[in-house]
Amino acid sequence: MPLRIYNTLTQGKQEFKPMKEGHVGMYVCGITAYDLCHIGHARSAIVFDTVYRYLRAKGYDVTFVKNFTDIDDKIITRANKEGLTAGQVSEKYIEEYYKDMGKLGLRKPAHEPRATMYINDIVGLVKRLIEKGHAYESNGDVYYAVRSFEGYGKLSGKDIGELEAGARVEPGEAKKDPLDFALWKKSKPGEPSWESPWGKGRPGWHIECSAMSTHYLGDSFDIHGGGMDLIFPHHENEIAQSEGATGKQFVTYWLHNGFIQTNKEKMSKSLGNFFTIREILERFEPQALRLFVLMHHYRNPVDFSDLSLKEAEKALYRGYASLRLVQSLPAEGKPPLSPDKLGAFAQKLSEYETCFYNAMDDDFNTAGALSGLFDLLRLINTYFKDATARPEEDAVQRLGGFVRAAADILGVFDSDPRSFLSSRREKRLAGLGLSKAGIEERLARRSLLRKDRAFKEADEIRAGLLREGISIMDTPGGTVWDIAEE
RNA sequence: GGCGGCAUAGCCAAGUGGUAAGGCAGCGGUCUGCAAAACCGUUAUCUCCGGUUCAAAUCCGGAUGCCGCCUCCA
């Protein structure tokens, strides 16, 4: 089945056809480095990481570029507040970005360019736009003449006439038209600046992405992504800049992820209703956050809450418990599955595998894909809970292959099940202030009581452990315990 | 005001023409000394009104509610 992608530009799903057979050029707008990342940034990062992973899984050679904006008003403001230089601020928050995002299992893009390292490209592009009559210099600033670009508004569905009413002019700006936007800003005293034909200044926000994407991917490339809010004006302006300069179509497919909300409101700095990735990862597994994101379609808004993250975490643990069953094959003391049953298992496996890939091919429908994966996890429990099979068995091999492939695409369920579960258990145990030896001592006592059929006392021990956050299970192979889910 | 999106079970959430995936929770059952876990079963006329169609959650028109963008924002 061919991959179909929803394209903001055409407002519909289209079959994906890269410009160059087998190769994909993909650019995603990264962060402006002036503060810690919140989970909205995490969603965007996870979504496009998954897109990247899936394209690679489809066999494409993907050149993935994701930028950092390291010069901008907000950075300068922050620098003044903290008594640092703009460079120090962006450097600091890029480091923090890596600390937080590094835990989310993001595949490293081929290039992660920073705006200030591409000033030459930017100046060159601005010069070209002036030459082509799309931009003009005005008192040390350079503006893009929006009305000179015929297709302006085609991405965001906006009409120039209607935009005019809302356009603003900052004090001190010398635009010929209120719609025009800055390509190059003359620097004020004390601000970071670079030499240019128009005097000392710094790039406007939109121009950097045009310059850096073209630097690595050429005048035209396949995929450009970012958050919904970047559609206008950021991406609209990028199109005007790049297509104005080259006369060629800039990007074929525009992808935009929906927002994280809390209480049905957009999560944002200005509303103060945001959670940083850091805060969330103190309380939840990184893979639970990933799963939470992937359980929703990337274009829909998602309401964030502790409850929904807890649900994702439970599903994650349950899944790993199933995978641990497979990992333990062949399991001693369990009867082998008959060839018939293995055959039935393999058939179901194929069904779920198809479901998974069909969903992914349909505009990266990870929520649909996960339903196939969860079906499979249940199937594993059904067949392997009380039976075993040799790992070299064909069905088991295929199972392993599919689980690895799916985990590689989604970035969840890709840890070693046994060590994932035990390390999580130890972490939580420490949090509860309990020791393994203490628990096992109490369980040993309980076992003796049970042997004597002193169930009342045995049950008291069990109830006591549960109050402290430990649940236990009596199995034929003995009593096992685990952290009780809330 | 302009543009766009969303409304599916107790909660979360896929599904864009052929009578509703999955997750979490609940209930009944199997298992268990009792539990737990796991499995099986069960829980929805898809916001409302009209239209097109043999057939609509799915297409069209309208209503209501919610949200986003139009200003920095993933």
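Keep in mind it's a predicted model, so treat the numbers as computed, not measured. Below, read A as the first sequence line, B as the second, and so on, with proteins coming before strands; counting in each chain starts at 1.
- Atom CG of L217(A) and atom CE of M26(A) lie 10.5 Å apart (nearest 0.5 Å).
- Annotation: side-chain hydrogen bond (donor to acceptor under 3.5 Å, both in side chains) contacts involving residues 345-359 of chain A, sequence neighbours excluded, comprise S350(A)-R398(A).
- For rA44(B) and rA21(B), the P atoms lie 12 Å apart once the distance is rounded to whole Å.
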Base, backbone or nothing for each nucleotide of nucleotides 4-14 of chain B, written B, S, -, heavy atoms under 4.0 angstrom, 5' to 3'? --------SSS
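- Applying a 4.0 Å cut-off to non-hydrogen atoms, the residues of residues 466-480 of chain A that approach RNA chain B are I472(A), M473(A), D474(A), listed by residue number.
- For the contact set between residues 232-239 of chain A and RNA chain B, defined by any heavy atom under 4.0 Å, the members are F232(A).
- Centroid-to-centroid, the aromatic rings of F64(A) and Y216(A) stay 6.0 Å apart or farther.
- On the P atoms, rG2(B) is 31 Å away from rG17(B), given to the nearest whole Å.
- A salt bridge links R78(A) with E82(A): at least one charged nitrogen is closer than 4.0 Å to a carboxylate oxygen.
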Both distances under 3.5 Å, Watson-Crick or G-U wobble: on that basis, could you give the dot-bracket string for RNA chain B, with [ ] for crossing pairs and | for other-strand partners? ((((((((.[[[..)..(...]]].(((((.......)))))....[[[[[..)....]]]]])))))))....
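- Between rA57(B) and rA20(B), the two P atoms lie 9 Å apart (nearest whole Å).
- Environment of CD in E150(A): sparse, with no more than 12 heavy atoms of neighbouring residues, nucleotides or ligands closer than 6.0 Å.
- Residue contacts for F48(A): at a heavy-atom cut-off of 4.0 Å it reaches no nucleic acid atom on any strand shown.
- Residues R147(A) and Y152(A) form no side-chain contact, since every pair of their non-hydrogen atoms from C-beta on lies 4.5 Å or further apart.
- Residues F292(A) and F284(A) place their aromatic rings such that the two centres sit no closer than 6.0 Å.
- Taking atom P on both nucleotides, rC39(B) is separated from rG23(B) by 9 Å, rounded to a whole Å.
- Residues D474(A) and R450(A) are paired through a salt bridge, judged by an N-O separation under 4.0 Å between the basic side chain and the carboxylate.
- Heavy atoms of D159(A) sit nowhere under 4.0 angstrom from any nucleic acid atom.
- Distance check on atom C1': rG10(B) versus rU19(B) gives 25 Å, rounded to whole Å.
- Here, rC49(B) and rC40(B) have their P atoms 37 Å apart, quoted to the whole Å.
- Surrounding NZ of K341(A) are at most 12 heavy atoms belonging to other residues, nucleotides or ligands under 6.0 Å away.
- Map K158(A) and F374(A) each onto its nearest nucleotide of RNA chain B; the residue landing nearer the 5' end is K158(A).
- Minimum heavy-atom separation, I472(A) to W481(A): CG2-CB, 3.7 Å.
- Of the P atoms belonging to rC48(B) and rA9(B), the separation is 10 Å, rounded to the nearest Å.
- G258(A) comes within 4.0 angstrom of a nucleotide base, judged by non-hydrogen atoms across all strands.
- Among the heavy atoms of the strands lying under 4.0 Å from R446(A) is at least one base atom, whether or not backbone atoms are also near.
- Looking at residues 377-389 of chain A, you'll see R378(A), N381(A), T382(A), K385(A) sit with a heavy atom under 4.0 Å from some atom of RNA chain B.
- At a threshold of 4.0 Å, the pair K185(A)-D73(A) counts as salt-bridged, since one of the basic side-chain nitrogens sits closer than that to a carboxylate oxygen.
- Judged by distance alone with a 3.5 Å cut-off, no donor-acceptor contact links the side chain of R318(A) to the base of rG23(B).
- The pair K186(A)-D141(A) does not meet the salt-bridge criterion, since no charged nitrogen lies less than 4.0 angstrom from a carboxylate oxygen.
- Comparing atom distances between the R462(A) side chain and each of rU16(B), rA74(B), rA35(B) picks out rA35(B) as nearest.
- D482(A) comes within 4.0 angstrom of no nucleic acid atom, judged by non-hydrogen atoms across all strands.
- As rounded to the nearest Å, rU71(B) and rC3(B) have P atoms that lie 16 Å from one another.
- For Q261(A), the side-chain atoms get nearest to rC67(B) when compared with the rest of rC34(B), rA74(B), rC67(B).
- Comparing C29(A) and I231(A) along RNA chain B, the residue whose closest nucleotide (by nearest heavy atom) sits nearer the 5' end is I231(A).
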